[in-house]
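I have placed the structure first, in the form of structure tokens, so that the comments after it can refer back to it.
Heavy-atom basis, side chains included; hydrogens, waters and symmetry copies ignored. Reminder, nothing fancy here: chain letters follow the sequence lines and each chain counts from 1.
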Amino acid sequence: MENEIEKAYEAKKYEDTIYKRWEKSGAFTPKVDKKKTPFVISMPPPNATGVLHLGHAVMLAIEDILIRHHRMLGDSTLWIPGTDHASIATQNKVEQLLAEKGLDRHKLGREKFLEEVKKFVANSQNTIRNQIRKMGSSCDWSRERYTLDEGLTEAVQEVFVRMYNDGLIYRGNRIVNWCPRCESTLADDEVDYKEKNEKLYWIKYGPFTLATSRPETKLGDTAVAVHPKDKRYKKWIGKKVTIPGVIGDFEVIVVADESVDPKFGSGIIKVTPAHSFVDFEIAQRHKLPIKSVIDQKGRMMKNCGKYAGMTTTECRKAILVDMEKMGMLEKVEEYTHNLSVCYRCGTPIEPLISKQWFIDVDKPVIQDGKKKKSIKEKAIEVVKDGEIKIVPGKFKKTYFHWMENLHDWCISRQIWFGHRIPVWYCDGCEEAIVSRTKPAKACPKCKANKWHQDSDTLDTWFSSGLWTFSTLGWPKKTEELEYFHPTSVMETGYDILFFWIARMIIMTTYTLGEVPFKTVYLHGLIRDKFGKKMSKSAGNGIDPLEMIEKFGTDAVRLSLVIGGTPGNDMRLYEEKIAGYRNFINKIWNGARFTLMNVTEEDIKLQFDQTMVKTLADKWILTELQKLIKETDNNLKNFRLSDAGLKIYDFIWSKYCDWYLEMSKGENKNPAVLLFVLRSFLKLLHPFVPFVTEKIWESLNEKTMLLSSEWPKYDKTLVFTKDADTMEIIHQLIGKIRSLRSELKVESGKKIHAIIHGGKHTEALEKQREIIMKMGTLESLEIKKQGPKIPDSKAFFIGEVETYLPLKDMVDSGKELTRIKKEIEQKEQFIKSLESKLNNKGFTANAPKEVIQKETARLLEEKSNVKKLKELQNSLK
RNA sequence: GGGCGCUUAGCUCAGUUGGUUAGAGCAUCUCGUUUACACCGAGAGGGUCUAGGGUUCGAAUCCCCAAGCGCCCACCA
């Protein structure tokens, strides 16, 4: 019919239009329908900082496959998209942009700066929305959310208030990771480590000599520590010692602490509790005084004498010069160590003491039967119990390890962009009140009536930790929340298992008393051809949009899904995408050919079993049923790659290579051609939605493919025996072709063949035309049996004997040696089979099917050898 | 320092609870314009599954050990 269909599929021409039709159809927007099973994915919200990369692309591809599959299964399927305000990341990005214009946030002031951020965010949200659409993602735009939306902000405040009232949130003066550039705290896992070559200074320290990499912190020392068992220093323990310093003498106490390694340096360390985590802990254990000397901008404080106001780096230089002058510097060594840096801007972290808000992860607050559990215990429990399943399972261990070692979570950030901490202080007496809105009453302590809000904002992961339920309307009791939560699958990269997954589990089990999701699916990172991480600086990044432009979305999606397994990194490069583009084209042409061979009437016909006619029909239908079963099984177990590969193989190697080829000529059966086409389009649709939908348009269907019904396994369409016969014919044709090629018979030249078919004679006779056509035969003689035919090339498939009388091409001498070799090989194989089958251990332990299979194979090989021997005799 | 993972054809990777004479795509070689597709078709070559032990009737698959590579966590002044 549609002769005008173009030869090659041009993705670009159709994709945008198809996406618009889907969106308009309302299929992306499910309703609360108690008769249906809900299936829900909360899309990990991309940071509102700009463009999407391959990491997003792979996430969108995988999630869309799951979503489309479930939608076709008839579930009430919801995929909520959104964006994350990503406080530090976004603020930094805008600061960079301002810096290009010679501005900075302090010059602008908080309000104006936030205006700038708002504009920037709105812009990148638009970009992100378009890119998500480009990937073909069938998400529910009507429910799109942003972590700074009014509703989500309300959820954040509500959770904060609840946690505060439960005593989980407290304010404390503690040592924190401080980024002097961002001028903010960072959580432990927001610190990166960079290996760096540094200098180790050996300095005279009163009666001791010790090694330090940070001489400038000497100004904040309040103790020295040694290992309790270190004999060298035993007599000093507990003593107070006066140390001469660059700004005068000071006193320290000598303490014994297990954390000191006697083998490193001189075995003695100076303790600077205010500017080192380890030292802070030592100070806590020994109740040492704490002296801060570095401020929040990374500058030396007023108590540092002549060094006051210098940055730490300047101070180090200056102090070294002074130490040298005073003869305190003994030697300098090179050493490498891991420098902690800010994960957002790379600036070295300055540990310092600061008053911050924390979440207590160990306080038992969750009532569970008679016991009370901490949020940490609960988060461990839900994974241990299997209430949350992690795919692949290996990440469970990592999760437990991280969770078990979790310290109190510092949630306040001195960033302007984000959710303001809902705490109000009295102008008069600094009394703090936790409240979502400005207190209307006067201060209960001093009766003043002026309040100011805490200037800090919350860690961005605090709000994203609520994502699965805040997006469904919580704290309001919405229908949606009740119906769609817990969500079904959380799919994301394994790199944010801690940042995000762990926090969602903590925050949701605490707040709702239920898990945020039932399954966590973690995908790997996309790397370049050489296995390197893609990055802007390395210039090896691949832009998904560019690839979509070049090869089409469907091809990009397949290249991101096939060949990958959960939790493992995957390499991507253009040739790979091009390969899948070729497959898309193959689908297109397979469909095109099918459509060219059917009529309008055929298309309108409803398929039923009575339309099954030929052996080929029965074979392809049997294969199709097998495929449906396998696909269901693979998708259920999140084996997307396997599922995709199997469908790929079915379409290319079975439908196109064999069924379509066999349909050329008198054998074609439009009903089955169309039925199989429709079925595999459905199976394929979740993977490559655009090309399948485009083809579907030509099939006179009432609904779009995305809303069509998923194929069901139908055992009345399984014809095992016929399918087996067809396999024999395939082998037979394959062998004929292979021999032709081996004997260098010209491609187009027709040859003769004689088949002794045994019990398959009748079936083979029926397929005479196909065998002749596909084997390029001039004549074909089929009979039940007969003597071996000399001067011909012969081969045996089970009972079926085939002879190609190519007298002039067959060298009977060579043929004899070949046959001899084959017999030898086969006899050896028979021997191994026999010994296996005679082995009592095997027959006693192996499953029945395996024994049956091996027995059958033995019989077949034996019969082959028998035939080969007869052939051998006839040639002699 | 602690933990995890990977090592299978020239390249990129599959290989489910142990049961094949170990698979796919790309690349290579030979042939080919025939009712769709050269983004194609037909055929072929190519692997002692990193090395070494063990368990088992049977190991690419399970256990031990070694090497190389990679990741995560902790972090030493």
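Backbone-only contact: A:Y335 has heavy atoms under 4.0 Å from sugar-phosphate atoms and none from a base. Residue contacts for A:V271: at a heavy-atom cut-off of 4.0 Å it reaches no nucleic acid atom on any strand shown.
A perpendicular orientation is assigned to the rings of A:Y233 and A:F208, their planes being inclined by more than 60° (bins at 30° and 60°).
The CZ-P distance, from A:R740 to B:A44, rounds to 14 Å in whole Å. A:D495 places its CG atom 16 Å from the C1' atom of B:C4, with the value rounded to the nearest Å. The separation between A:Y494 atom OH and B:C6 atom P is 13 Å, rounded to whole Å. In this structure, A:L560 places its CG atom 20 Å from P of B:G25, rounding to the nearest Å. Atom P of nucleotide B:C71 and atom CG of A:D192 are separated by 13 Å, given to the nearest angstrom. Across the protein-nucleic acid pair, A:L525 atom CG and B:G5 atom C1' stand 14 Å apart, rounded to whole Å. Separating the CD1 atom of A:I282 from the C1' atom of B:C75 is a distance of 13 Å, rounded to the nearest angstrom. One atom, CD1 of A:I736, and another, C1' of B:A44, lie 18 Å apart when rounded to the nearest Å.
Residues A:I620 and A:F650 form a side-chain contact, since some pair of their non-hydrogen atoms from C-beta on lies under 4.5 Å apart. Between A:S259 and A:V278, some side-chain heavy-atom pair lies under the 4.5 Å cut-off.
Comparing A:N338 and A:K826 by the nucleotide of RNA chain B that holds the closest heavy atom to each, the one mapping nearer the 5' end is A:K826.
If you take atom C1' in B:G2 and the same atom in B:C75, they sit 11 Å apart, rounded to whole Å. Annotation: B:G54 and B:G70 have their P atoms spaced 32 Å apart (nearest Å). For the C1' atom pair drawn from B:U48 and B:C40, the interatomic distance equals 37 Å after rounding to whole Å. Separation of the P atoms belonging to B:U7 and B:C76 is 35 Å when rounded to the nearest angstrom. Between B:U61 and B:G1, the two C1' atoms lie 32 Å apart (nearest whole Å). Between B:G32 and B:A38, the distance separating the two C1' atoms is 11 Å to the nearest Å. Comparing the C1' positions of B:G41 and B:U33 gives an interatomic distance of 10 Å, to the nearest angstrom. Using atom P as the reference point in both B:U50 and B:C62, the two lie 12 Å apart (nearest Å).
Under the 3.5 Å distance criterion, with hydrogens and angles disregarded, a donor-acceptor pair is assigned to the side chains of A:H286 and A:D257. A:N634 and A:T631 share no side-chain donor-acceptor pair at under 3.5 Å. Using modelled atom types and a 3.5 Å distance limit, the side chains of A:T272 and A:K270 yield a donor-acceptor pair. Counted by atom type alone, A:H275 and A:E350 present zero donor-acceptor pairs between their side chains at under 3.5 Å. A:E769 and A:N667 form a side-chain donor-acceptor contact under 3.5 Å, judged by distance and modelled atom types alone. No donor-acceptor contact under 3.5 angstrom links the side chains of A:E216 and A:T312, judged on distance only.
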Letter per nucleotide, 5' to 3', of nucleotides 29-42 of chain B [B base touched, S only sugar-phosphate touched, - untouched; heavy atoms, 4.0 Å]
--SS--BBB-BSSS
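Residue A:K394 has its side chain nearest to B:C4 when only B:C13, B:C4, B:C75 are considered. For A:K576, counting side-chain heavy atoms from C-beta on, the closest listed nucleotide (B:C75, B:C71, B:U12) is B:U12. Distance from the side chain of A:R857 is smallest for B:U21 among the nucleotides B:A14, B:C75, B:U21. Closest to the side chain of A:F498, from the set B:A74, B:G5, B:C72, is B:C72.
Taking only side-chain nitrogens and oxygens, A:R571 comes nearer than 4.0 Å to OP1 or OP2 of B:C13. Residue A:Y193 places at least one side-chain N or O under 4.0 Å from the OP1 or OP2 atom of B:C75.
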Go through it in stages, so that I can follow the logic: the residues are A:T212 and A:L200, the test is side chain to side chain contact (heavy atoms under 4.5 Å, CB included), and I'd like the CA-CA distance, side-chain angles, deciding distance and then a yes or no.
CA-CA 6 Å; A:T212 178; A:L200 191 63; 5.7 Å; no
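For an aromatic pair to be called close, the ring centres must be under 6.0 Å apart, and A:Y521 with A:Y494 fails this.
For RNA chain B, the stems formed by at least three consecutive Watson-Crick or G-U pairs, with both atom-pair distances below 3.5 Å, span B:1-7 with B:67-73, B:10-13 with B:23-26, B:28-32 with B:40-44, B:52-54 with B:62-64.
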